There are 2 protein chains.
Amino acid sequence: MPRSSNSSSAKGGPVTLAMVARRAGVSSQTVSNAINSPDLLRPETLERVRRVIDEMGYRPSRAAQTLRTRSSKLIGYGIQSAAFSYPVLDRFLHAVSQAAEEAGYRILLFACPPGGPTLDGYEELLDQHEVDGFVLSGTERGDPRQAWLTKRGVPFVGFGRMWSGRPIGDWVDVDGASGTDAAVEHLVALGHRKIAFLGWERGSSSAGDDRAEGWQRAMRRHGLPTRGRRGQSSVNDSDVARAAVKPLLDGGATAVVAASDMLALGCYQTLRERGQTPGRDVAVIGFDDSPTAELLFPALSSIAQPLEAIGRECVRLLLARMAAPDAPPERILLEPSLVVRDSATASPAGGG
Amino acid sequence: MPRSSNSSSAKGGPVTLAMVARRAGVSSQTVSNAINSPDLLRPETLERVRRVIDEMGYRPSRAAQTLRTRSSKLIGYGIQSAAFSYPVLDRFLHAVSQAAEEAGYRILLFACPPGGPTLDGYEELLDQHEVDGFVLSGTERGDPRQAWLTKRGVPFVGFGRMWSGRPIGDWVDVDGASGTDAAVEHLVALGHRKIAFLGWERGSSSAGDDRAEGWQRAMRRHGLPTRGRRGQSSVNDSDVARAAVKPLLDGGATAVVAASDMLALGCYQTLRERGQTPGRDVAVIGFDDSPTAELLFPALSSIAQPLEAIGRECVRLLLARMAAPDAPPERILLEPSLVVRDSATASPAGGG
DNA sequence: TCTCAGCGTTGGATCGTTCAAAAGACATTA
DNA sequence: TAATGTCTTTTGAACGATCCAACGCTGAGA
């Protein structure tokens, strides 16, 4: 089957609908139908048209489709400045892209200025009809995007719960509380009782609060005290992170559950500085399962997010919203999974 | 100045060229000229049209522009499967996006299947006129993309030298050799003589070979032997990485320069396993300056790539290629910078 | 016999923009 | 006055697809 490409570099320019139509001896509308509503055609016509499409290597022009249908089949994603580094962004983007492509969509990147996303970028993309919807991430309290997009009737989905006052919009999130809960369970089973939590400042990050919550409820369930066992670091400051670990260790903690792998690393640092060995003297569990986790010594136990599923669900919810703008919002909470490595396999040194 | 938005959610649909024209009392072509060739208009007409454009919040429809001009103002970037994790991808993508936007372009993501990029994704994007060009990364020997794109006359730029036989195409790369050379210089200044290099298998990665080369030439310049001081790990296997470090340490190396932060971490692991402390017993320098480098204990010295500059140059070269398809190829080699942290500040323990 | 819905297909209008070329305005020159 | 040229604006036709309203024909129901 000689399937030549629709290359515009080949002589004669791109293959158009009309060219296919002429060669197949039908009108261009019929060719269009062959692609978009094959059931309208008589089987033999369909067969013939399809063969010609294949022979000529025809592919519809996205620009023309977009102009006519007013749908670009593009999904916008604002990529934040690297200030707040997200170690698994590459996997997330790959997952979203792949899921989008399976539905005939693609991801359009645009740069969000440092210091939090503004609405300008979103407005420009919309006004120019460049995108059909958005995937948001890093949605925090006070983020104006959700309300603004909702008001304008723009489809969007958030990766991360959106808790600006009353909940609005669709989102997909990971049940962080469930993850830290499982981490505590694992540590308790090993015999740990003094389990600390190292997170961010209360209220500064909703995901952080969520993860703290899981730790707290698991501790309570086992009748273990949490008082004085919660350390608060500021976001993105490794010095503060290290300082925040100290009172926890001074309090005799034999295990630390951290709200991110970065914080877990701060914990490693402080332990090393004191001449202690992470994993042996104090068990550590991180969050995110970033690529470096398994390369550390000892290998860092961490709570892995199901990124492929997240990407899939984001796209699914977004397409559903486009199809039914007035349907009730849908929220998906996915389970993370605890990846146990050497940093959390030992029982407490002093017996708990 | 009441600048209302071009929202399609507002009643009446989007603002078009014709609507602006009617309101300004000119033809739509004149409005188009006001935007694309302002010098054709009489100053007072230009002023009036511009005011109306601003009042109505008009923004040209990208789809219509694309259809007419045959240029989508989009740049394709194939994001590889997460198998080969690249820790600074987020910073690279942000940099490229930002640079692209300053030139009126945006980045279109598409998922490359695991196991190396295929041409299908590129062909589809081209045939549908979705992109004007590509940014490639992870270009290795035997990569068919460069030759294929060149043959079809598609503009592209590589991040990473493209060494498939004779060089083709434009690229931007980091002078890895210069980076490892500087690392050796730094270590020599500290008094180290037995400086090992931990890289990947010879020939498996061109960037890896390049980085090895810099180490070798610096060693030779100082009259230091390199024999038996080069360790070879396979890509992406931390066990092999750890094993590869051992002979280097057994050989009495007091410092290790690694071809990536991942490999440097393997080095940390092996040292810890032997009860040694990285940075104190053996100096370690990584490559990439991934976000975790400064969070390790001791903080990992690393060679940082100028990602913002890389993004800017990629876009610049790509646009130049589009403007002049037959111009001679341009290659940019950027200098990385050594970031010294605790892992490489001590003189050799035994005196070198 | 007449109407009418359904069949697979078609022609024409349309989406919003830019290109090419014609047309108008105005001053200059013969 | 008419011809010439320059500067500014308009007209008409694409770009390549989809939407809509019909086409002529058949068979079923009234």
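So you know, we letter chains A, B, ... as the sequences are listed, proteins then strands, and number each from 1. For clarity, every value in this text was computed on a predicted model and none was experimentally measured. What you see below is based on every heavy atom in this structure, not just the backbone, and it leaves out hydrogens, waters and symmetry mates.
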> Counting heavy atoms from C-beta on, name the nucleotide in C:dT18, D:dA17, D:dT11 closest to the side chain of B:Asn36.
C:dT18

> Measure the distance from OH on B:Tyr58 to P on C:dG16 and round it to the nearest whole Å.
10 Å

> Start with the C-alpha gap between B:Leu74 and A:Leu108, add the side-chain angles, then the distance that decides, and say whether side-chain contact (heavy atoms from CB on, under 4.5 Å) holds.
CA-CA 9 Å; B:Leu74 291 179; A:Leu108 184 71; 3.4 Å; yes

> Could you work out which one of D:dT10, C:dT17, D:dT18 sits closest to the side chain of A:Thr69?
D:dT18

> Please state how far atom CG in B:Leu40 lies from atom C1' in C:dC19, giving the value in whole angstrom units.
13 Å

> Taking the side chain of B:Leu41 as heavy atoms from C-beta outward, which of D:dT9, C:dG16, D:dA17 is closest to it?
D:dT9

> Is A:Asp170 reaching over with its side chain to a backbone N or O of A:Glu330, donor-acceptor style, under 3.5 angstrom?
yes

> Consider the side chain of A:Thr30, meaning its heavy atoms from C-beta on, and name the nucleotide among C:dT9, D:dT18, D:dT11 that approaches it most closely.
C:dT9

> From CG of B:Asp39 over to P of D:dT9, roughly how many Å is that when rounded to an integer?
12 Å

> Have a look at the helix from C:dT1-D:dA30 to C:dA30-D:dT1 and give the angle its two end axes make, five pairs each, rounded to 10 degrees.
80°

> Is there a side-chain polar atom (N or O) of A:Ser32 under 4.0 Å from OP1 or OP2 of D:dA17?
no

> Scan A:Arg62 against the nucleic acid and name what it touches under 4.0 Å (heavy atoms): base, sugar-phosphate only, or nothing.
nothing

> Would you indicate what A:Thr45 reaches in the nucleic acid, counting non-hydrogen atoms under 4.0 angstrom: base, sugar-phosphate, or nothing?
sugar-phosphate

> Reckon A:Ser61 touches a base, only the sugar-phosphate, or nothing at all at heavy-atom distances under 4.0 Å?
sugar-phosphate

> Please compare B:Asn33 and B:Leu67 by the position of their nearest nucleotide in DNA chain D and report the one closer to 5'.
B:Asn33

> Test A:Phe134 against every option in A:Phe159, A:Tyr122, A:Trp148 by the ring-ring contact (aromatic ring centres under 6.0 Å, His included) rule and name the one that passes.
A:Tyr122

> Just how far, in rounded Å, is C1' of C:dT10 from CZ of A:Arg42?
14 Å

> Answer yes when A:Asp127 and A:Arg152 have at least one side-chain N-carboxylate O distance shorter than 4.0 Å, and no when they do not.
yes

> Of the candidate nucleotides D:dA17, C:dG8, C:dT17, which contains the atom at the shortest distance from the side chain of A:Leu17?
D:dA17

> Look at the side chain of A:Ser37 and the backbone N and O of A:Leu40, then say whether any donor-acceptor pair between them is shorter than 3.5 Å.
no

> From C-beta outward on B:Arg68, which listed nucleotide comes closest to its side chain: D:dC19, C:dC19, D:dA17?
C:dC19

> Given C:dT17, C:dT10, D:dT9, identify the nucleotide with an atom nearest to the side chain of A:Gln29.
C:dT10

> Could you give the CD-to-C1' distance, from A:Glu44 to C:dG8, as a whole number of Å?
11 Å

> Separation of A:Lys73 atom NZ from D:dT18 atom P, in whole Å?
11 Å

> Can a donor-acceptor pair be found, under 3.5 Å and without considering hydrogens, that links the side chain of A:His94 to the backbone of B:Gln80?
yes

> Passes salt bridge (charged side-chain N to carboxylate O under 4.0 Å, His left out), B:Arg50 versus B:Glu47? Steps please.
CA-CA 5 Å; B:Arg50 279 196 170 146; B:Glu47 169 69 20; over 6 Å; no

> Rounded to whole angstroms, how far apart are CD on B:Gln65 and P on C:dC15?
17 Å

> Could you please spell out the steps behind the salt bridge (charged side-chain N to carboxylate O under 4.0 Å, His left out) verdict for A:Glu124 and B:Arg106?
CA-CA 12 Å; A:Glu124 189 178 343; B:Arg106 290 196 204 276; 3.6 Å; yes

> B:Asp127 has an atom CG; how far is it from atom P of D:dA17, in whole Å?
12 Å

> Give a yes/no on whether any side-chain N or O of B:Thr16 is located under 4.0 angstrom from OP1 or OP2 of C:dG16.
no

